[in-house]
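Quick note on labels: first sequence line is chain A, next is B, and so on, each numbered from 1.
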There are 2 protein chains.
Amino acid sequence: MLTSKGKYALRAAVYLARHHGAENWTLATEIAEAEAIPKKFLEAILVELRDNHIVTSRRGRNGGYRLSQAPERIGAGDVIRVIDGPLALTPCTSRTQPGPCHDCVDPAICTLRPVLQKARDAIAAVLDGNSLADLVDSVGHSAG
Amino acid sequence: MLTSKGKYALRAAVYLARHHGAENWTLATEIAEAEAIPKKFLEAILVELRDNHIVTSRRGRNGGYRLSQAPERIGAGDVIRVIDGPLALTPCTSRTQPGPCHDCVDPAICTLRPVLQKARDAIAAVLDGNSLADLVDSVGHSAG
DNA sequence: TATTTTACTACTAGGATAATAGGAATTGCA
DNA sequence: TGCAATTCCTATTATCCTAGTAGTAAAATA
């Protein structure tokens, strides 16, 4: 399951994608109201997205946030990874932040790894295969 | 990410699959030692698996646990669902325990749903497509 | 310099996680 | 009948995570 924070992040990113434009800066307040996200919480999320180069921010008057790249170039998985961590089901099957499972007896002969690896690849294929632009377009139609 | 509990459950289930036999009852102590799982914690897990008809237990002397069905008929997803809950990334995309996302403005026009639905299907295809018997066989070879 | 807006730091309530402890109930065997 | 093995049940605990809230600092612009 995603955390609320992760979903908020994705919704905010999609909002920015929907309003993306060369010099179009969107206010945190606007996103918070439109998406019903607690404003202060959203600010913290946007800072994390900024630190991870998903969004760019500008302070002061006429400031706000915008995507760092075109919506077509940012995957849903990119946003989720930043806020909720790796897509994998275990540290040992993560590609972006691989690490040992502390409760694993012997990684070399782990019975679970092959399936969990396949699961990770399947999740990543979907979430990395769908850009924010795709999400904007997908409203209403659940096929694709 | 799976919880430790979920991984313990899956490892225990695979252990039972490896030692599956008509009247073969395996002790919790044996599984705990072989898989390095805290015994008391494992007992609680096995009780949950029993309540959800994944394993069958027998008390007293010569007691123990065994799978309720042939290892070929129990999917990795079945075990994970019992211990860690739905495979879906959000309640609204769960097939086995569907529910509303409390932070969702309007489910009908949710921008995230289509992708999350696809993600769920992808995860489920892998985890439901691999039985405990498959996991037993997959040791060593990570392809398949 | 006043106002807008993001950025930063600190704090908190509640719940989940990962156990541990102790004993009760059940079964088989001598 | 009683003892030992084993699962089953009820509590309790320490630690971390989640989902925020509050207040203030810093920056940019008009």
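Remark: B/Arg61 is not in phosphate contact with D/dC3, judged by side-chain N or O atoms under 4.0 Å from OP1 or OP2. Of the side-chain N and O atoms in A/Tyr65, one or more sit less than 4.0 angstrom from OP1 or OP2 of C/dA7. In terms of phosphate contacts, B/Arg50 brings a side-chain nitrogen or oxygen within less than 4.0 Å of OP1 or OP2 of D/dC9. Within the structure, every side-chain polar atom (N or O) of A/Asn62 is placed at least 4.0 Å from both OP1 and OP2 of C/dT5. The shortest distance between the side-chain N/O atoms of A/Tyr8 and the OP1/OP2 oxygens of D/dG20 is below 4.0 Å. A sub-4.0 Å separation between OP1 or OP2 of C/dA7 and a side-chain N or O of A/Ser57 is present.
Remark: A/Lys7 does not engage A/Asp84 in a salt bridge, criterion side-chain N to carboxylate O under 4.0 Å. Under 4.0 Å is where a charged nitrogen must lie from a carboxylate oxygen, and between B/Asp78 and B/Arg73 no such pair does.
Per the geometry, CG belonging to A/Leu2 stands 15 Å off C1' belonging to D/dA19, to the nearest Å. Regarding A/Leu27, its CG atom lies at a distance of 14 Å from the C1' atom of C/dT3, rounded to whole Å. Nucleotide D/dC8 holds its C1' atom 16 Å from the CZ atom of B/Arg58, rounded to whole Å. Straight-line distance from the CH2 atom of B/Trp25 to the C1' atom of C/dG28: 14 Å, rounded to whole Å. When rounded to the nearest whole Å, the span between NZ of A/Lys5 and P of D/dT21 equals 14 Å. Here C/dA19 presents its C1' atom at 13 Å from CG of A/Asp103, a figure rounded to the nearest Å. Rounded to a whole Å, the CD1 atom of A/Ile31 is 13 Å from the P atom of C/dT5. Between the CZ atom of A/Arg66 and the C1' atom of C/dT6 there is a distance of 16 Å, rounded to whole Å.
Ranked by how close their nearest DNA chain D nucleotide is to the 5' end, A/Thr3 and A/Arg59 are led by A/Thr3. Comparing B/Glu43 and B/His102 against DNA chain D, the residue whose closest nucleotide sits nearer the 5' end is B/Glu43.
Between the side chain of A/Arg58 and the backbone N or O of A/Trp25, no donor-acceptor pair lies under 3.5 Å.
Here the nucleotide nearest the side chain of A/Lys40, chosen from D/dC9, C/dA19, D/dT24, is D/dT24.
Using a 4.0 Å heavy-atom distance criterion, A/Ala44 is classed as making no nucleic acid contact. Among the protein residues, B/Leu46 comes within range of no part of the nucleic acid, since none of its heavy atoms lies under 4.0 Å from any strand.
Both B/Val82 and B/Leu2 belong to a common hydrophobic cluster when Ile, Leu, Val, Met, Phe, Trp and Tyr are linked at side-chain heavy-atom distances under 4.5 angstrom. Under the 4.5 Å side-chain heavy-atom criterion for grouping Ile, Leu, Val, Met, Phe, Trp and Tyr, B/Val136 is connected to B/Ile31 within one hydrophobic cluster.
Residue side chain A/Lys39 does not reach the base of D/dG20 through any donor-acceptor N/O pair under 3.5 Å, judged by distance alone.
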